There are 2 protein chains.
Amino acid sequence: MAVTIDDIAKAAGVSSATVSRVLNNSGYVKDETREKVLKAIKELNYTPSAIARSLSKKKTNTIGVVVPEINNPFFGEIIKGISEVADEHNFNLILCNTDEDIKKELRALKLLKEQRIEGILITPTSTDSDYSSEYLWTIENLGIPVVLIDGHVKYSNFNGVFVDHIKGAYDAVKTLIDEGHEKIAIITGRMNSRPARERLAGYKKALKLHNIPIKEEYIFYGDYTHEKAYEITKKILEMKDRPTAIFVSSNMMVLGCIKAFSENNIEIPKDMAIIGFDKVEVLNIIGMNISFINGPTIEMGKIAMKMLIDILNNSQATDTKTINLSPQLVLKGSEKYVR
Amino acid sequence: MAVTIDDIAKAAGVSSATVSRVLNNSGYVKDETREKVLKAIKELNYTPSAIARSLSKKKTNTIGVVVPEINNPFFGEIIKGISEVADEHNFNLILCNTDEDIKKELRALKLLKEQRIEGILITPTSTDSDYSSEYLWTIENLGIPVVLIDGHVKYSNFNGVFVDHIKGAYDAVKTLIDEGHEKIAIITGRMNSRPARERLAGYKKALKLHNIPIKEEYIFYGDYTHEKAYEITKKILEMKDRPTAIFVSSNMMVLGCIKAFSENNIEIPKDMAIIGFDKVEVLNIIGMNISFINGPTIEMGKIAMKMLIDILNNSQATDTKTINLSPQLVLKGSEKYVR
DNA sequence: GTGAAAGCGCTAACAT
DNA sequence: ATGTTAGCGCTTTCAC
């Protein structure tokens, strides 16, 4: 990659300033000159250096994307959304995968700052327990616009696009109630994660508003894993006063339930109704119709990226923006009440 | 982001060269001086500019990753592997999603070249039909090391890590034969994709080597979609001389088969045996035990990244390297022959 | 319309 | 052990 703007200038018999002008369509350039320059560019197979340009312009047109688990399609879809909008606006994406490790997340933040990215889109590690003071300090003092996606950073206030977990859970449980269910269990996520708490809150709210007493025996504390959900579901199935429906706080946990169901020949929804939070595409493809609350993943990515672009274009604005998306309830039949 | 190395130099009462030295741990610096510099860095919250450094060093420590479908966990896992190794070696990742669109792929390539990345890891769009001459020309004349992952670029010879699709398919079909199956159908992928052709080849090879005649009626041409597989499977189930086993060329298509099975109350493997290519995690989690050939995705990502680093460190070597990974057969019981 | 030259923030000889 | 200086490849006034 030796060929530079000066080589082109030489080859075309003009100055580098002129080459720059044709490259950027800026200023006046005689058509004839432009042709010569373009010809030289073709012949020498010249590609301008974004690095040099960035340094000179103090603008990288790059944003950083930080996700906890790249191999989870949930984040894949968010990135897809981001990428689409970024493409349209000619932004590059630097990707950092953190494996749910807050140390790596911190490292990613620093690294991105070095890269002089213009903004950061981050899905913070879901557990909000252990923010070190260093982490908090770093993210607060980044000096770069940050937009959170579907996850809050405790003690802090950032721009972000979030899912209304309370509403999602409420809608799901309300649907079950409307169907005729009165004994409704919940399997929660890890309670140190905000979404898990909010989903539980939505569950309780729905029961309360419909005058159904909240029974502690029907609240099962899971941890987002399918293994745990499997165990819990087996227990539920053995209860004397067994619920007729389960609201499951995450897609992975739905899988654990299904396993337990099939081992015990439980038919959905005849023997047990179920609604899950977040989609499991595969289940629907194979014709196993599980109702779920659909977090708009691709959409979130798009909106977050747009929000960031907005912020970048209005750098004077200092107020923090927040969008709460309503997840959509997708009914497939698994919520039915069969007497 | 106003603070530069000169600000630090000024604040610490030294020259920028000295600051650079402590930043890079290069050359000699008196401890005392180092302290002063570090103090200034802390106080001014200075973060060096990777952009400026890259320009100066002619080295970006960044590699480009190009995938066709970021929201597919298959690619997510590849990226995870890449990211792990990249982290260890302090490489940044610029990600480009192409939506299986060869135009976007071409654009990504150009864009990455502008960014002066050191190398490219690419999973080419699976269809090898329409490489424009521009595409071929561009990728051949990139002047940047390219490592292909699980996909070839027609008419060209690149470094790459691939899956041995022939072997994978062979192993699967051989297993079915060993189980006692003699009537084995295949649902292929899109035949303009090399993996699809190779998997079919593996299927035929296994039959031939075991003296089972290849019957055209048992070869069904799919297109990687679950919808098509669903249609095909329904047809298979209606055949008078029905196969006892199906080898399915992709994970998505397995889902279509399962849907058809369950609609027709076909039990696996009692009424029909099945082995698929590539994992569908979810199926195993819910206890639906489908045997499959496991392409080592994370591993491929890791190996590809390592290979790239290798190439970067031996820039004189001009021979192209290729690694063919054997996929692993994971048996869950769906391959059994039940009389 | 086009060129000269300064500067973006950093590194790497070369001096001292 | 530290400072001076000349780039790295490009953009952008300011002249002409």
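Naming convention: chains lettered A, B, ... in sequence-line order (proteins, then strands); numbering from 1 in each chain. No experiment lies behind these values; they were computed from the predicted model shown.
Taking atom CD of Glu114(B) as the reference point, atom P of dC10(D) lies 10 Å away to the nearest angstrom. When rounded to the nearest whole Å, the span between CD1 of Ile51(B) and C1' of dG9(D) equals 13 Å. For the pair Arg21(A) CZ and dC10(D) P, the computed distance is 15 Å after rounding to whole Å. Distance CG (Leu23(B)) to C1' (dC10(C)): 9 Å, rounded to an integer number of Å. Remark: P of dT5(D) and CG of Asp6(B) are 14 Å apart, rounded to the nearest angstrom. Rounded to an integer number of Å, the gap from Lys30(B) NZ to dG3(D) C1' is 14 Å. The CG atom of Leu44(B) sits 14 Å away from the P atom of dG9(C) (whole-angstrom rounding). Taking atom CG on Asn25(B) and atom P on dT11(C), their separation rounds to 12 Å, with Å as the unit.
Taking 3.5 Å as the limit, the base of dG9(C) and the side chain of Ser16(B) contain no donor-acceptor pair of atoms between them.
Here Thr18(A) reaches the OP1 or OP2 of dG3(C): one of its side-chain N or O atoms lies under 4.0 Å away. Contact check, Ser54(A) against dC8(C): no side-chain N or O comes under 4.0 Å of OP1 or OP2. For dG7(C), neither phosphate oxygen OP1 nor OP2 lies less than 4.0 angstrom from any side-chain nitrogen or oxygen of Lys57(A). Contact annotation: Lys58(A) side-chain N/O to dG9(C) OP1/OP2 distance is under 4.0 Å. At least one side-chain nitrogen or oxygen of Ser15(B) sits closer than 4.0 Å to the OP1 or OP2 atom of dG3(D). Using a 4.0 Å cut-off, some side-chain N or O of Ser20(A) falls inside it from OP1 or OP2 of dT11(D). Using a 4.0 Å cut-off, some side-chain N or O of Tyr46(B) falls inside it from OP1 or OP2 of dC10(C).
Out of dT2(C), dT2(D), dC10(C), the shortest distance to the side chain of Thr4(B) is found at dC10(C). Residue Arg53(A) has its side chain nearest to dT11(D) when only dG3(C), dT11(D), dG9(C) are considered. In this structure, of dT11(C), dC8(D), dT11(D), it is dC8(D) that holds the atom nearest to the side chain of Leu55(B).
Residue contacts for Val19(A): at a heavy-atom cut-off of 4.0 Å it reaches no nucleic acid atom on any strand shown.
Checking Asp310(A), Leu308(A), Asn314(A) one by one against Leu312(A), the side chain to side chain contact (heavy atoms under 4.5 Å, CB included) holds for a single residue, Leu308(A).
Remark: the backbone N or O of Asn61(A) is paired with a side-chain donor or acceptor of Glu118(A) at under 3.5 angstrom. Side chain of Ser16(B) to main chain of Ile5(B): no donor-acceptor pair is present (N/O by atom type, distance under 3.5 Å, no hydrogens or angles).
Ion pair Lys302(A)/Glu88(A) not flagged as a salt bridge, since none of the NZ, NE, NH1 or NH2 atoms sits closer than 4.0 Å to an Asp/Glu carboxylate oxygen.
Comparing Gly13(B) and Ala52(B) by the nucleotide of DNA chain D whose heavy atom lies nearest to each, the residue mapping closer to the 5' end is Gly13(B).
Other residues, nucleotides and ligands place no more than 12 heavy atoms under 6.0 Å from the NZ atom of Lys39(B).
The line from CG of Leu148(B) to CD1 of Ile139(B) is 6.5 Å long, rounded to the nearest 0.5 Å.
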